> 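Sharing a structure with you now.
In the text below, chain A, chain B and the rest are named by the order of the sequence lines, each starting its count at 1. Computed over heavy atoms, backbone and side chain alike; hydrogens, waters and symmetry mates excluded. As the structure is a computational prediction, the values presented were derived from the model and not from experiment.
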Protein chains: 2
Amino acid sequence: MTIPRTSTREHILKRATVLFQGRGYNGFSFKDISTPMGIRNAAIHYHFSTKSDLCSAVMQRYRDLLKSETADFMKHGGSARYQLEAYLAFIRHEILDAHCMCPLTNVAVAMDTLPDEIRAQAVTLSNELLAYLTRVMELGREQDEFQFNCAAEQKALSVKATLQGAGQLARLMGPQVVDQVIDQIRCDLGL
Amino acid sequence: MTIPRTSTREHILKRATVLFQGRGYNGFSFKDISTPMGIRNAAIHYHFSTKSDLCSAVMQRYRDLLKSETADFMKHGGSARYQLEAYLAFIRHEILDAHCMCPLTNVAVAMDTLPDEIRAQAVTLSNELLAYLTRVMELGREQDEFQFNCAAEQKALSVKATLQGAGQLARLMGPQVVDQVIDQIRCDLGL
DNA sequence: CGATAAACTTACTTATAAGTAAGTAACTTT
DNA sequence: AAAGTTACTTACTTATAAGTAAGTTTATCG
């Protein structure tokens, strides 16, 4: 058959994203992608030669998404508060609607068992993410929107860590955890 | 051979703990335990009938450890500050010295792929952990040691989430992350 | 219309996983 | 000293994983 062929690669990537961010690298197999799609494992290998390649593409897409999202946030005015809220909403959506974790969580957990390529992508992503959040924190303090008395980098790190943890605890303790933790982040910034 | 037999079960549990907390349920196999110990997989099955049983025992031990640790913390005087610091030191040691994550992280990540038994243990652990931290927060506020203006439960949740995240980010960004995040937790409690 | 390339499938290989059944050596009990 | 129990091993089964090679269909291009 193979009628609408153009979109197969995209479908594979989408399923892989959900699975990678939802279960981790070692928590899914090619079958979890191919069977629900009604294709064969070999079709995945046609588009992505290895599992490492596939997950590397997932990481790359997440970085691209983040880049375009954060660029978007910045367009809508320079308000640090707005940018923080946009990022919080993005994370909130990923956790509550998509039931996904930040890829950094999944990489960190299985660190020792992963191909170098994936680890490298994760390190780059963490640098990009922290750089963005650090700028938001700096901006917020300059504009007297946020209050904190440590390095902006440290505050950004702490915010990111808290959000990572929220994603995990929400799975164990229920979705209300996410909003409680996000509230606390705002509160700790003097909002 | 089998000369020192008594301790095999304990050795298996210790290796399984390191592997489970270090790589997650799907990130290790029986071989990772048996080969370095110089025993066969079947020897593991003799002591623990399934992988689920083994990891359930690991979770149980972690809960027991936590229970005795927190009981210990409480004996050394009722100071909330002391109890917080003791827990922070415990987590810090697990991350930096043992290179382990809190089991909650590993369970949350692979949630959908895990046996019910493990999930149930994790839910219980998260309740116990949060109950303890909530008591510490309540105590700290009563004694004017900590400052925060939300429910003690929410503050405890936020602290735990932050520590969970610190464990992950430390693997990607280096060990200094842990102390930076811990500093921030203190700071956000008015310390 | 025929050749070519893209997008697959079928069928296979190799490796590794968890788990089991039957046998064995050493200590323990009677 | 015989019998049973503990703590394993050897050898196996079954399932599943990633990955590959060769063939097939469909669209496209000259």
Side-chain angles (χ1 to χ4, degrees), chain A residues 1-20 22-59 106-107 109-110 112-119, chain B residues 1-20 22-59 106-107 109-110 112-119:
Chain A
M1 291 305 104
T2 75
I3 303 160
R5 48 184 65 217
T6 47
S7 54
T8 304
R9 191 192 149 97
E10 279 308 299
H11 276 81
I12 292 170
L13 262 177
K14 273 180 191 164
R15 282 283 308 158
T17 300
V18 170
L19 289 162
F20 180 68
R23 301 188 190 172
Y25 189 86
N26 298 312
F28 74 97
S29 73
F30 282 36
K31 209 182 158 188
D32 297 315
I33 298 173
S34 58
T35 303
M37 282 183 67
I39 60 171
R40 303 299 160 145
N41 282 0
I44 303 173
H45 282 287
Y46 174 75
H47 293 286
F48 304 94
S49 59
T50 63
K51 191 178 182 183
S52 177
D53 272 18
L54 173 58
C55 292
S56 199
V58 167
M59 294 286 296
N106 303 92
V107 172
V109 161
D112 295 348
T113 71
L114 298 182
D116 289 343
E117 215 185 342
I118 312 275
R119 273 201 293 250
Chain B
M1 290 306 106
T2 73
I3 303 157
R5 50 185 65 220
T6 44
S7 54
T8 303
R9 192 192 149 98
E10 279 307 301
H11 276 82
I12 293 170
L13 262 176
K14 273 180 190 166
R15 283 282 309 158
T17 301
V18 170
L19 289 162
F20 180 69
R23 300 189 189 173
Y25 189 86
N26 299 311
F28 74 98
S29 73
F30 282 36
K31 209 182 157 186
D32 297 315
I33 297 171
S34 58
T35 303
M37 282 184 66
I39 59 171
R40 304 299 161 146
N41 283 0
I44 303 173
H45 282 287
Y46 174 77
H47 293 285
F48 304 94
S49 58
T50 63
K51 192 178 180 180
S52 176
D53 271 19
L54 173 59
C55 292
S56 198
V58 168
M59 294 286 298
N106 302 91
V107 173
V109 161
D112 296 349
T113 72
L114 298 183
D116 290 343
E117 214 185 343
I118 312 276
R119 274 201 293 252

> With rounding to the nearest 0.5 Å, note down the distance linking CD1 in A:Ile118 to CG in A:Leu54.
8.5 Å
> Does anything in residues 26-38 of chain A pair up under salt bridge (charged side-chain N to carboxylate O under 4.0 Å, His left out), and if so which pairs, sequence neighbours excluded?
A:Arg23-A:Asp32
> In the 5'-to-3' direction, what one-character label does each nucleotide of nucleotides 13-20 of chain C receive under the scheme B = base within less than 4.0 Å of a protein heavy atom, S = sugar-phosphate only, - = no such atom?
----SSBB
> I need the NE2-C1' distance between B:His47 and D:dT9, as an integer number of Å.
12 Å
> Is there a side-chain contact between A:His11 and A:Ile39 in this structure, where contact means two heavy atoms from C-beta onward sitting under 4.5 Å apart?
no
> Rounded to the nearest angstrom, tell me the gap between atom CD1 in A:Ile33 and atom P in C:dC8.
14 Å
> Rounded to the nearest 0.5 Å, what separation is found between the CG atom of B:Leu13 and the CZ atom of B:Arg15?
12.5 Å
> Atom OH of B:Tyr46 to atom P of D:dC8: distance rounded to whole Å?
7 Å
> Could you name each residue pair satisfying ring pair (Phe, Tyr, Trp, His ring centres under 6.0 Å) that touches residues 24-44 of chain A, not counting sequence neighbours?
A:Phe30-A:His45
> So which heavy atom on B:Ser56 is nearest to which on B:Glu117, and how close?
OG-OE2, 3.3 Å
> Can you find a side chain N or O atom of A:Arg40 that sits less than 4.0 Å from OP1 or OP2 on C:dT10?
yes
